[in-house]
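All chains are named by letter (A, B, ...) in the order of the sequence lines, taking the proteins before the strands, and each is independently numbered beginning at 1. These numbers come from the heavy atoms of this one structure, side chains and all, not from hydrogens, waters or symmetry mates.
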Amino acid sequence: MVLFTVNGERISTNVNPSTPLLWFLRDNLQLTGTKYGCGMALCGACTVHVDGNPIRSCSTPLSAVAGKKITTIEVIGKTPVGKKVQEAWLAEDVVQCGYCQSGQIMSAAALLAKNKAPTDADIDVAMSGNICRCGTYNRVRAAIKVAASGKGSPAPAAAPAKKPAKA
Amino acid sequence: MDKLFTKQPSQNITSRRRFLKASAATTGGLVIGFNLTIGGRLATAQDAMAPVAAKGPNLNQPNAFLRIAEDGAVVVQVKHIEIGQGVLTSLPMLVAEELGCDWSKVRSELAPAAPVYSHTAFGMQITGGSSSVVNSWVQLRTVGAMARMMLVSTAASRWKVDAAKCRVANGMVIGPAGQKAAFGELADAAAMLPTPEKVALKSVKDFTLIGKPTKRIDAPAKVDGTAKFGLDITAKQIPNLHTALVAHAPIFGAKVKKFDASKVNGISGVTHVVQIESGVAVVAKSFWAAKNGRDALQIEWDLEGGSTADTAKMSKQYADLAKTPGVVAKKGNPDAVKGAVKSLVAEFELPYLAHAAMEPLNCTVSVAGDKCELWVGSQLQTLDAAAAARVAGVPVQNVKLNTMLAGGGFGRRTNLSSDYIVEAVEIAKKVGVPVKMVWTREDDMKGGSYRPMFAHRVEAGLDAANKIVGWNHTVVGQSLVAGTVFEGGFVKEGVDATSVEGIVDTPYDIPNMHTTLHTTKNGVPVLFLRAVGHTHTAFAMETTMDELAKLAGQDPVAFRRGYLAKQPRVLNTLNLAAEKANWGSSLPKGRARGVAVHESFGSVVAHVVEVSMEKGALKIHRIVSAIDCGLVVNPLTVTAQVESAIVYGMSAALYGKVSLNDGVVEQSNFDSYPVMRMTEMPKVEVYFVPAGEAPTGVGEPGMPPIAPAIANAVFALTGKRLRSLPLDLASLKA
């Protein structure tokens with residue numbers, strides 16, 4: 001039996017404690033915003049917060065998060081920093097395919113929660129674990145600066161389809 | 001043959017170049033010849049799936065391309081998959097421009113597989129060749145214009161006024177006396193009208209949306225985790241969904257001899273272990289159970305007949321082959337170079353490349369009775385649906401393929417063999433439950449369908465006036481399309497056009513250029529990768545041009561200009577990049593610039609790259625890019641795609657290499673196959689050459705010139721000429 005909280009909800013589970021947190025989130029809780037990219041903590045697509053720290057959920061077993069608070073992309077917008085980051089991401093039109101962006105945003109939100117005015121070098125350190133194959137890096141950097149400065153224009157030009165794809 | 005093949009696709013793709021040019025020449029104000037209608041009304045998605053079951057006309061029902069709801073929401077069905085290139089935004093822009101709707105009310109949906117969504121040039125539903133906007137340019141503006149005319153007619157007859165005296169703005173029809181009616185309230189009645197037979201499209205000068213920086217419609221769902229990619233299908237959407245992993249053979253083409261699942265059976269969550277054509281599948285209630293199950297499998301493989309391709313050996317074989325003439329791809333005068341005053345021989349080698357899209361390959365399938373439904377990020381729905389039908393043993397019209405968002409494509413999902421779709425359907429059929437088949441990152445990277453390894457050998461020479469007198473170019477590598485449905489379209493007289501594109505059609509006016517090709521075979525699966533043949537040909541071409549400039553004692557930009565007098569687009573693009581980069585101006589000590597320009601997919605891109613060596617490592621500081629992609633539909637998308645192509649190309653130039661040792665792929669994940677990260681990202685500036693009345697390709701053309709621009713900058717900095725990719729940066733430290 002492992003006990004922890006995910007996005008504020010208390011979770012107890014009998015799932016094998018060696019199961020990576022990523023697959024528990026995705027398969028058991030059906031929180032699919034956290035992505036699988038490499039399974040070896042190499043790409044950052046699976047980044048979530050454990051007690052506020054960014055971790056790679058693909059390589060973190062459930063046993064390692066016992067008693068801890070886990071926050072995922074699904075609720076990061078409810079934190080002031082997470083909201084700013086998401087707004088900045090829209091203002092800078094960061095995303096392309098979007099698959100890595102949950103992880104990018106979680107890494108960026110963790111950075112800004114601890115460092116309100118990160119330098120380029122700080123951004124490099126915080127974000128170098130997040131791979132984007134579309135190459136959105138320069139807009140990721142710009143969006144982090146926008147979020148830090150609070151100068152983002154929150155309204156996207158396009159009224160969004162909540163879910164553009166039929167799922 | 002399947003119904004889908006009644007129209008032979010390959011006949012339509014004999015020349016992508018010709019098609020792109022034809023499309024580029026097609027501008028506004030045209031009469032539309034293709035059929036969007038069924039029984040006098042706009043075809044609907046249901047019509048497309050089941051033509052006989054069409055119900056009453058109603059614009060409120062999903063139309064094939066467009067639906068206008070009562071609340072004024074405009075829903076555009078996007079026939080191309082969204083793989084990051086921005087079609088969920090750019091294609092609706094084409095509709096909205098002509099429709100005159102309120103852009104804030106536009107939504108996009110990924111269209112399922114259906115004949116009505118075929119590419120207008122390829123005759124099948126495909127996303128590739130940087131042609132999504134190009135092939136939709138007339139089609140989707142026509143859809144918008146037709147709907148606008150029907151809405152205006154409806155309003156005009158309601159008001160008893162002349163339709164010609166009505167106009168549209170922001171989702172309203174406005175009458176001559178100031179009457180107003182919203183699209184949403186007119187849509188039902190408008191749908192009862194016959195579709196207009198002739199449609200006049202707006203002139204470029206009248207565009208209000210096309211050409212404006214327009215943010216992505218799909219962004220909000222991609223920043224809050226709600227966007228659904230193929231891998232995100234869960235039991236919430238499909239009850240009793242299981243996850244399947246497949247144990248694949250260690251070398252391509254090997255088969256299962258026997259396997260022992262005794263250690264798998266005790267693993268909690270595992271439900272099935274089944275042998276399939278390509279290996280052994282473990283099916284479980286979760287990914288992790290399937291993974292543990294697969295790890296516990298013991299399989300004996302029959303390696304007989306499998307590929308023993310070995311890239312170290314191939315390196316020598318290819319280099320030797322390149323010294324002999326191959327099949328003539330474009331005839332010139334191979335003896336001309338003998339008369340050169342100065343000459344060079346340049347040998348290039350480019351490795352296998354994995355697409356390595358962020359989302360590992362996956363396919364979800366439910367087979368029930370004579371029906372098969374798929375949820376998959378497919379760039380080639382027509383062939384994937386046909387393959388699914390074949391494997392499931394159901395008629396192709398009983399296959400429903402739902403196109404999912406994909407975490408990158410880069411050509412891997414333009415899947416001529418439908419390899420992972422076939423596997424998924426085979427498993428689902430065997431186990432009788434819906435399965436989401438997942439390739440792990442390692443499966444993905446070791447699974448083949450690579451950009452082939454290539455060798456090039458160029459002999460070129462200059463006369464006493466430092467003009468090129470001859471250029472003999474030999475290419476060695478596998479064909480991308482041999483043995484596929486595309487072979488007929490691309491392979492002519494033994495030459496796969498994709499192996500030599502970018503050479504035989506170079507815009508440079510090079511006299512006596514003679515190009516030959518050796519097509520090799522070795523059992524390693526290969527496939528289109530972003531920018532296709534240009535990924536390797538541009539490197540050989542633009543590095544050689546740089547070497548010749550040096551040999552001629554001329555500036556690399558000036559030297560190139562001398563061969564572009566008849567190519568204003570290429571010349572203008574080169575000039576714009578050079579101007580914006582202050583080409584020729586002095587740089588801080590220890591920095592140097594390199595340039596390359598290349599034409600592909602109907603567009604031209606030039607890059608100027610600024611580099612230095614810092615602590616023994618190559619540092620790329622700044623890239624200045626110019627693109628001529630005709631009319632720019634969405635400047636944000638074009639800029640993003642040029643940057644994207646640069647990053648993808650930099651990964652290939654600096655790191656990308658799949659090697660095989662006696663048939664075994666040596667890379668498996670991002671540790672052994674590194675890619676560009678944030679820390680290495682240079683500043684990028686993208687400039688548009690003002691041009692054109694119609695768009696040309698955007699997704700790929702930025703990639704081909706980046707590797708040679710970097711290599712040329714390295715030469716300018718260090719005097720070392722690197723002719724193989726990935727660039728041997730270790731050699732620079734010495």
- Message: For the interface with chain B, which of Gly98(A), Gly33(A), Gly82(A) has the highest count of heavy-atom pairs at distances below 4.5 Å?
- Response: Gly98(A)

- Query: Would you say Lys446(B) has more than 12 foreign heavy atoms packed within less than 6.0 Å of its NZ?
  - Reply: yes

- Using non-hydrogen atoms only, which part of Val78(B) is less than 4.5 Å away from chain A: side chain, backbone, both, or neither? neither

- Please round to the nearest 0.5 Å and tell me the distance separating atom OG1 of Thr440(B) and atom CE of Met40(A). 11.0 Å

- Message: Need one label for Val647(B): side chain, backbone, both or neither, based on atoms under 4.5 Å from any heavy atom in chain A.
- Response: side chain

- Message: Just so I know, are the side chains of Glu643(B) and Asn138(A) near enough to count as touching, which here means a heavy-atom distance under 4.5 Å?
- Response: yes

- Note on the structure: Note: vs chain A, highest number of non-hydrogen pairs under 4.5 angstrom among Asp671(B), Leu636(B), Val684(B), Thr89(B) is Asp671(B)

- Closest non-hydrogen atom pair between Glu442(B) and Cys38(A), with its separation: OE2-O, 4.0 Å

- Nearest 0.5 Å please: distance from the SG atom of Cys97(A) over to the CD atom of Glu359(B). 8.0 Å

- By a 4.5 Å heavy-atom criterion (distance strictly below it), what part of Lys291(B) contacts chain A: side chain, backbone, both, or neither? neither

- Item | Taking every non-hydrogen atom, the tightest pair across Gly37(A) and Arg441(B) | O-NE, 2.8 Å

- What pairs of residues pass the side-chain hydrogen bond (donor to acceptor under 3.5 Å, both in side chains) test when at least one of them lies in residues 32-45 of chain A, not counting sequence neighbours? Thr32(A)-Lys228(B), Lys35(A)-Asp232(B)

- Item | Any residue of residues 114-131 of chain A which, by heavy atoms, sits under 4.5 Å from chain B | Ile123(A), Asp124(A), Met127(A), Ser128(A), Gly129(A), Asn130(A), Ile131(A)

- Report yes if the side chains of Tyr99(A) and Pro360(B) come closer than 4.5 Å at any heavy-atom pair, otherwise no. yes

- Query: Considering only heavy atoms from C-beta outward, does the side chain of Leu90(A) approach that of Lys215(B) to under 4.5 Å?
  - Reply: no

- Message: Does any backbone or side-chain atom of Arg141(A) lie under 4.5 Å from a heavy atom of chain B? Answer side chain, backbone, both or neither.
- Response: both

- Query: Taking every heavy-atom pair that is under 4.5 Å apart, which of Phe410(B), Phe229(B), Tyr648(B), Phe670(B) has the most such pairs with chain A?
  - Reply: Phe229(B)

- Indicate the atoms forming the closest heavy-atom contact of Arg677(B) with Tyr137(A), along with that distance. CA-OH, 3.5 Å

- Item | Flag if over 12 foreign heavy atoms under 6.0 Å of NZ, Lys68(A) | no

- Item | Approximate separation, where rounding is to 0.5 Å, of Arg133(A) CZ and Ile83(B) CD1 | 13.0 Å

- Task: Measure the shortest side-chain to side-chain distance between Cys43(A) and Met358(B) over non-hydrogen atoms and say whether it is less than 4.5 angstrom.
- Result: yes

- Query: Would you call Ser102(A) and Lys222(B) a side-chain contact if the rule is heavy atoms closer than 4.5 Å?
  - Reply: no

- Message: So Arg216(B) and Gln96(A), do their side chains get closer than 4.5 Å, heavy atoms only?
- Response: yes

- Query: Under 4.5 Å between any side-chain heavy atoms of Asp224(B) and Ile73(A), yes or no?
  - Reply: no

- Item | Part of Ala356(B) lying under 4.5 Å from any heavy atom of chain A | both

- Contact part of Ala219(B) toward chain A, heavy-atom cut-off under 4.5 Å: side chain, backbone, both or neither? both

- Note on the structure: Output for pair (Ser268(B) OG, Asn16(A) CG), nearest 0.5 Å, gives 8.0 Å

- Item | Pro682(B) portion near chain A, given a 4.5 angstrom heavy-atom threshold | backbone

- Query: To the nearest 0.5 Å, how far apart are SG in Cys132(A) and CE in Met678(B)?
  - Reply: 9.5 Å

- Item | Where Trp288(B) and Asp27(A) come nearest, the two heavy atoms and their spacing | N-OD2, 4.4 Å

- Item | Atom group of Ala73(B) that falls short of 4.5 Å from chain A, counting heavy atoms | neither

- Measure the shortest side-chain to side-chain distance between Leu231(B) and Arg26(A) over non-hydrogen atoms and say whether it is less than 4.5 angstrom. yes

